[in-house]
Amino acid sequence: MDVEFRRFDVGEADELAGFLAGETWPYHGTARVDRDSVRSRAAGGFYDNASTRTFWITAGGSAVGVVRLFDLEDDTAMFDLRVRAADRGKGVGQRAVRWLTAYVFTEFPAAHRIEGTTRQDNHAMRAVFRRCGYAKEAHYRQSWPGDGGARYDAVGYAILRDDWSTATVTVPDFDDEPA
Ligand SMILES: CC(C)(COP(=O)(O)OP(=O)(O)OC[C@H]1O[C@@H](n2cnc3c(N)ncnc32)[C@H](O)[C@@H]1OP(=O)(O)O)[C@@H](O)C(=O)NCCC(=O)NCCS
């Protein structure tokens, strides 16, 4: 699926609220998003400020996803990616992560790393990280709260600017405890 990326403008808060509230996000802390909270967050700069940029992911002129980039002025930039249910599994997530990786490293020269965390059982997101050159760096046991008091493990992936520019994946040395 061919997709394009267009920067979100705060004047589109109603459209964003409709998009996010119209879907279910099973691997986020809040699976159902409330329209009013999106509107008030937008008004407060949550989606666009000095260190945050949000982009619509569009196909044929329609929104199929949203990616929010944040901590863009830090050494490590972060992102939240959401593709609508009807268009998951069509390669949109991988295109988005490849695009945002190039975008962040090009637009923000101080960014050294880009990092993302997801729930351990979010296999689609984990596949996207791996396909896009991100290495697993962290595993947080029972750190992701779920419905009904459930606790899930969380996993963290990141890509280094050097790895991105040389198309390599440097895997951390996890086996570094003293014998
Ligand atoms: C996670 C998400 C962003 C991925 O985007 P997507 O467009 O569905 O992903 P893609 O189609 O580019 O790739 C998905 C990959 O996961 C794989 N995959 C999907 N379900 C899988 C499963 N249960 N087990 C293993 N692999 C799986 C697919 O095979 C595909 O890999 P491939 O292209 O090598 O075959 C999207 O599904 C989504 O928005 N989900 C809900 C929100 C969310 O979880 N966001 C991430 C929060 S950190």
Side-chain angles (χ1 to χ4, degrees), residues 1-8 12 15-35 37-38 41-42 46-47 51-72 74 76-104 111 113-148 150-160 164 167 169 171:
M1 176 183 266
D2 283 339
V3 293
E4 295 182 342
F5 301 89
R6 181 171 59 79
R7 191 162 171 185
F8 163 78
E12 300 173 300
E15 288 92 321
L16 184 62
F19 180 86
L20 293 175
E23 299 281 332
T24 302
W25 310 102
Y27 296 106
H28 281 75
T30 308
R32 305 292 313 201
V33 176
D34 172 62
R35 280 174 194 257
S37 70
V38 175
R41 282 180 148 192
F46 180 78
Y47 297 103
S51 59
T52 305
R53 292 183 186 179
T54 297
F55 291 84
W56 293 105
I57 307 170
T58 64
S62 299
V64 297
V66 171
V67 61
R68 177 175 169 266
L69 312 175
F70 55 103
D71 291 350
L72 287 167
D74 293 358
T76 298
M78 310 274 297
F79 69 88
D80 177 36
L81 171 63
R82 299 169 188 247
V83 176
R84 68 177 178 183
D87 289 306
R88 290 175 197 158
K90 299 178 183 174
V92 175
Q94 289 173 59
R95 281 180 179 75
V97 171
R98 289 203 181 91
W99 174 82
L100 75 86
T101 303
Y103 178 84
V104 170
R113 301 156 36 85
I114 305 170
E115 189 177 308
T117 303
T118 195
R119 223 169 75 179
Q120 184 190 22
D121 58 345
N122 192 348
H123 298 294
M125 191 62 223
R126 295 183 66 169
V128 168
F129 279 130
R130 289 194 301 272
R131 305 273 189 277
C132 297
Y134 283 60
K136 184 181 173 189
E137 290 188 338
H139 194 119
Y140 306 100
R141 294 171 299 163
Q142 300 182 8
S143 66
W144 194 289
D147 288 341
R151 288 193 159 273
Y152 296 89
D153 286 8
V155 286
Y157 289 77
I159 189 167
L160 304 175
W164 170 72
V169 181
V171 179

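Sequential numbering from 1 along the given sequence is applied to the chain's residues. Both ligands and their constituent atoms are indexed starting at 1 by order of listing. Since this is a predicted model, take the numbers as computed values, not measurements.
Across Glu15, Glu4, Glu12, a single residue satisfies side-chain hydrogen bond (donor to acceptor under 3.5 Å, both in side chains) together with Trp56, and that is Glu12.
Between Trp99 and Tyr103, the distance from one ring center to the other falls under 6.0 angstrom. Proximity of the aromatic rings of Tyr134 and Tyr157 is defined here by a centroid distance below 6.0 angstrom, and this criterion is not met.
Geometric assessment of Arg68 against the ring of Phe8 yields a negative cation-pi assignment under the 6.0 Å and 45° thresholds.
Taking Thr54 as the reference, nothing meets the side chain to side chain donor-acceptor pair (under 3.5 Å) condition, with sequence neighbours excluded.
Ring-plane geometry between Phe19 and Trp25 is classed as tilted, the angle between the planes lying from 30 to 60 degrees on a 0 to 90 degree scale.
Residues lining ligand 1 at a heavy-atom distance below 4.0 Å are given as Trp25, Tyr27, His28, Leu81, Arg82, Val83, Arg88, Gly89, Lys90, Gly91, Val92, Gly93, Gln94, Thr117, Thr118, Asn122, His123, Ala124, Met125, Ala127, Val128, Arg131, ordered by chain and residue number.
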